[in-house]
Amino acid sequence: MMRVKKILIHLVFMGSVLATYGQRINLGLTFQYLVLKQVKIDAPVVEGTHSYSQYLVKDNRWKFFSAGQSIVIGTVLQMDYKKLYAVVEPSFDLNTYNYTLYYPIAPGVDERLSFHTLFYQVDIPLYAGYQFGATNLIRYSVFAGGVFSFPYFLEYAFQSKELENPQEDYFNSGDMDNILYNREQYANALLGFCLHFASLGKIDLRYQYRLGSPGSKYPVTFHTLGMGLTFYLPLKLRKKTIYYEE
Amino acid sequence: MRSKGFGLVAVALFGCAIDAPSDRRYLPPVENVALMQSGQYTSHSSSEIIFETSVLVLNTFYEGFDNDYLNVENFQVDGPSGTYTVESFEAYDLPVPAAPSATVLLIDQSGSYADTDPYNTRAQAINKFIRDVVRPNTFLVGASARLGSLHAEPLEVPSTDFGNDINAMGGYVFDLAHRTGGVNAILDGADEALDLLIDNDGPSRKQLVLLVHENDLNSFTSLESVVLKANHAGIAVHVITLGPQPEARIFAQLAEDTGGIFAACSSDKQMVKVFSELERLINGPRFVYHLKIRFEPSQGLVEPGTGWLFRIQVYDEYTEEDYNDVPVEINIPS
């Protein structure tokens with residue numbers, strides 16, 4: 001409850017700052033789908049947190065869909081000031097990860113175990129952008145900032161590739177606790193490129209990088225790439241002529 | 001694609017919401033296990049054999065305990081046809097060893113574990129054992145086979161330093177799963193492991209543990225030679241057999257003659273249970289049932305120099321479950 005209050009206070013504060021200084025204020029809805037992910041454990045072997053197992057790290061590649069997905073629905077509050085703009089996007093994020101580790105069984109045989117993580121989380125992306133290339137219809141921009149994530153629900157599971165394997169007997173689904181996930185809030189760096197369509201909305205390509213590892217034992221990095229689609233609501237909150245309308 | 005998509009179904013099936021995770025580590029499931037603590041010949045005539053044995057019954061539900069509530073009716077003796085009479089029955093605590101121990105755990109790397117331990121639970125179980133051993137007790141893990149994938153035959157050890165290096169030893173044990181093969185020469189490996197223990201300047205109470213899953217038909221060292229060397233150096237040889245292949249009478253005799261325990265595990269779950277308690281069995285408190293048994297064969301005579309394999313069957317009336325048979329090998333002196 002305290003966490004929710006804290007988030008609301010931050011949102012009200014940021015909203016009031018934007019409303020005070022903005023030449024134009026836009027309120028909108030955003031839908032984001034981030035499907036290109038890389039989870040990288042920088043260690044050759046990982047020891048399970050809740051078992052006596054050791055897993056081999058073999059596959060740290062970027063993956064399309066199969067490393068997890070993030071489905072984000074949220075609101076957008078954007079302030080334009082000359083060529084600059086600042087945005088806060090309080091959002092709900094259904095954030096999943098999928099990471100495959102290998103358990104040694106026999107010569108040339110490793111059991112493939114996919115550990116799944118599911119977060120329900122509130123994300124607060126806060127970023128600033130610079131617009132260029134203005135036409136009557138389209139503007140471009142680059143933006144950077146941070147995403148502050150507040151997980152409030154977590155589920156985990158794993159899946160063996162051997163269908164006949166009584167997997168729950170032999171492996172522990174919670175073994176990636178404090179390795180691939182924990183229950184703490186965390187921050188991401190955010191970088192992106194955006195295409196604005198007049199006052200209707202924008203499409204962006206965004207890259208997120210989680211700051212810090214979930215646990216201290218193994219260095220783990222999370223990279224995420226995806227698209228965002230934003231529609232501005234037809235509200236005249238504040239409107240002054242700014243650079244792309246000159 | 002099914003496996004690539006996020007496993008919502010898997011989450012529904014196997015997922016767990018976590019609110020208050022503990023730091024506890026879990027082993028794969030275990031099964032009931034009883035072990036032979038000792039077995040010895042007492043006397044014989046042409047028509048009877050009298051022998052004594054001590055049996056340890058590990059508590060199924062809790063780690064760190066033995067079942068201490070069984071009575072004489074819970075023990076049956078099986079073996080050659082004849083009449084069995086339990087002449088005396090006692091149950092008591094064994095004293096905790098006063099001196100620290102130095103232990104070598106030797107893993108039979110021969111052949112394949114595909115039938116006996118298909119998911120390599122032994123690595124998890126052994127990893128727990130080496131984490132349980134704390135100073136001043138020390139340990140070393142080694143592997144044994146001939147014509148297989150080991151770097152040294154018949155004994156490979158990652159280090160001769162009894163340094164309790166948990167991470168190095170744990171990694172070594174898991175790597176061994178990739179290097180099974182060759183033939184069993186566990187007695188040759190045990191002979192060299194005994195030399196390692198003899199040369200070790202550490203703790204005085206020295207222990208050798210063998211994990212065996214096949215019969216040893218390839219060693220140049222005889223069983224008698226290993227027993228002689230172990231007894232001369234005061235080293236107890238404990239034997240854990242896995243699966244149906246290892247011949248119980250040979251390995252039971254090795255343990256009996258050197259003062260070690262013997263566990264005949266018919267499944268990987270029983271093996272996991274033994275390793276989960278192994279550190280306590282070596283260094284901690286134990287509760288044993290001591291039986292003195294008279295056997296009168298229904299046919300034939302008891303000849304000097306013959307060996308007799310008996311099996312103690314344990315039934316827990318509280319849980320209504322059977323335990324594995326406990327083999328006891330009794331050799332009649334010549």
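Because the structure is predicted, anything quoted here is derived from the model rather than measured. Letters A, B, ... are given to chains in the order of the sequence lines, protein chains preceding strands, and every chain is numbered from 1. For the numbers below, each heavy atom of this structure counts, side chains included, while hydrogens, waters and symmetry mates do not.
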Determine whether Tyr170(A) and Asp268(B) satisfy the following criterion, side-chain contact (heavy atoms from CB on, under 4.5 Å), listing intermediate values before the conclusion. CA-CA 11 Å; Tyr170(A) 291 95; Asp268(B) 53 353; 3.1 Å; yes
Do other residues, nucleotides or ligands put more than 12 heavy atoms under 6.0 Å from the [atom1] atom of [X]?
| X | atom1 | value |
| --- | --- | --- |
| Asp115(B) | CG | no |
| Lys269(B) | NZ | yes |
| Phe193(A) | CZ | yes |
| Phe197(A) | CZ | yes |

Pair Ser53(A), Gln124(B) - check side-chain contact (heavy atoms from CB on, under 4.5 Å), show working. CA-CA 5 Å; Ser53(A) 299; Gln124(B) 295 183 49; 3.1 Å; yes
Interatomic spacing from CD in Gln54(A) to CG in Asn167(B) - rounded to 0.5 Å: 7.5 Å
Indicate the atoms forming the closest heavy-atom contact of Asn172(A) with Tyr26(B), along with that distance. ND2-CD1, 3.6 Å
Across all chains, not counting sequence neighbours, the ring pair (Phe, Tyr, Trp, His ring centres under 6.0 Å) partners of Phe174(B) are Tyr103(A)
Does [X] reach the side chain of [Y], with side-chain heavy atoms less than 4.5 Å apart?
| X | Y | answer |
| --- | --- | --- |
| His178(B) | Pro104(A) | yes |
| Glu47(A) | Ile166(B) | no |
| Pro107(A) | Thr180(B) | yes |

Looking at Gly48(A), is its backbone amide N or carbonyl O close enough to the side chain of Arg25(B) to form a donor-acceptor pair, meaning the two atoms are under 3.5 Å apart? yes
Shorter than 4.5 Å, heavy atoms on both sides: which option in Gly170(B), Ala177(B), Ala125(B), Ala123(B) has the most such pairs with chain A? Ala177(B)
Please classify the contact between Asp117(B) and chain A as side chain, backbone, both or neither, with a heavy-atom cut-off of under 4.5 Å. neither
